Amino acid sequence: MKSMENHWNAIFSRTDDEKLGWYEKDFSATLALLRLIPEDELKHVFIPGVGTSSLVEMLLNRGLRLTLNDISTQALEKIKERTVAQRQRIRYLCHDIARPLPAETGSADLWLDRAVLHFLTAGEMVEGYFANVDRIVRPGGYVLLAQFSKKGAARCAGLDVRRYALGDFEKYLPAYKVLASREHTYYNPSGEARPYIYALFRKGRLL
Ligand SMILES: C[S@@+](CC[C@H](N)C(=O)[O-])C[C@H]1O[C@@H](n2cnc3c(N)ncnc32)[C@H](O)[C@@H]1O
C-alpha cells in the first residue's frame with residue numbers, strides 16, 4: 001500500500017487545502033445528520049481518511065474526542081500542526097483503513113466518513129473497511145457515510161471510485177438501522193457538481 005500512501009502524500013504536499021477537489025467549508029449536509037444523534041451519546045468520533053478537513057476543529061469545539069485516521073502522513077502532519085492545543089483529545093492513526101486496525105484502537109460512538117470508502121474499489125478492501133467499522137462502533141453507536149452517489153463522477157484525485165446507493169451501504173451493515181439518508185450535490189473548487197449520497201445508521205444494541 002506504499003504506492004497509495006505516496007499518491008496521497010504527493011497530493012497533500014503540492015496542493016493548498018482550499019484547492020483540493022473535495023475541499024469543504026460548508027458542513028451543513030454532515031451537520032444535518034449529526035443533529036439526529038443525541039448529544040449525550042456522542043463523546044468519541046472515529047474519522048477514517050480525515051485528510052485536512054476543518055470538520056476536525058468543529059468537532060473539537062464541541063468538546064469531542066477524536067481518532068483521526070489517514071493513509072497519508074502528510075495529511076496527518078498538517079492536521080497535527082493545526083490541533084497542537086487539543087492533542088490530549090486526539091489520537092492520530094496512520095493506517096490503511098481497508099486493513100485490520102491495530103488491536104489497541106478503542107471503540108467509538110460515531111464512525112464519520114466523507115469521501116474515503118468510495119476509493120476502495122476491490123471487494124476485499126470494502127469488506128476489510130466494514131469489518132473495521134463493526135469492530136470500532138460500539139453497540140448503539142452510529143455510522144455516517146457520505147460517498148459519491150450513482151450519479152457521481154467515476155474518478156477523483158486521479159483514482160477510480162466505486163459509487164454508492166443506500167442499498168449498497170445497507171448490504172454491508174446488516175445489523176444497523178438507517179436513521180436518515182439524502183442526496184447532496186457538492187460543488188468542488190472548480191465549480192463542478194459532485195453528487196453524494198449521505199446516510200446515517202445506528203448499530204443494534206443487542207448483537
Ligand atoms: C477525498 S479525500 C477526503 C478527505 C476528508 N474526508 C474530507 O472530506 O475532506 C480522501 C482521503 O482519504 C485518504 N485515504 C485514501 N485511501 C485511504 C485508505 N485506504 N485508508 C485511509 N485513508 C485513505 C486520503 O489520504 C485522503 O485524505
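Counting convention: from 1, in listed order, for ligands and their atoms alike. These numbers come from a predicted model, not from an experiment.
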Report the part of [X] (side chain from C-beta onward, or backbone N, CA, C, O) that has a heavy atom under 4.0 Å from ligand 1; answer both or neither where that applies.
X: H95; value: backbone
X: L55; value: neither
X: F12; value: side chain
X: N69; value: side chain

Tell me whether [X] has any N or O atom under 3.5 angstrom from an N or O of ligand 1.
X: R114; result: yes
X: I71; result: yes
X: S53; result: no
X: G49; result: yes

Per-atom contacts, ligand 1 versus [X] - under 4.0 Å to a heavy atom:
X: I97; value: 18 (C), 19 (N), 20 (N), 21 (C)
X: V116; value: 12 (O), 23 (C)
X: L120; value: 19 (N)
X: S72; value: 25 (O)
X: D96; value: 18 (C), 19 (N), 20 (N)

Residue selection (non-hydrogen contact nearest atom 13 (C) of ligand 1) among V56, V50, D70, L20:
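Nearest option to atom 13 (C) of ligand 1, by heavy atoms: D70.
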
Whether the side chain of [X] engages the backbone of [Y] through a donor-acceptor N/O pair (distance < 3.5 Å, no angle test) should be reported.
X: N132; Y: L101; value: yes
X: R135; Y: T105; value: yes
X: R89; Y: L60; value: yes
X: S13; Y: A10; value: yes
X: R162; Y: V126; value: no

How about NZ on K150, more than 12 heavy atoms from neighbouring residues, nucleotides or ligands closer than 6.0 Å, or not?
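Counting neighbours around NZ of K150, more than 12 heavy atoms of other residues, nucleotides or ligands fall under 6.0 Å, so yes.
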
Output yes when E183 and K151 qualify as a salt bridge under the 4.0 Å nitrogen-oxygen rule, no when they do not.
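Yes.
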
N-O pairing of R82 and D17 below 4.0 Å:
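Yes, R82 and D17 are salt-bridged.
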
Audit row: R62, E39, salt bridge (charged side-chain N to carboxylate O under 4.0 Å, His left out) steps and yes/no
CA-CA 10 Å; R62 294 180 168 206; E39 233 174 86; over 6 Å; no

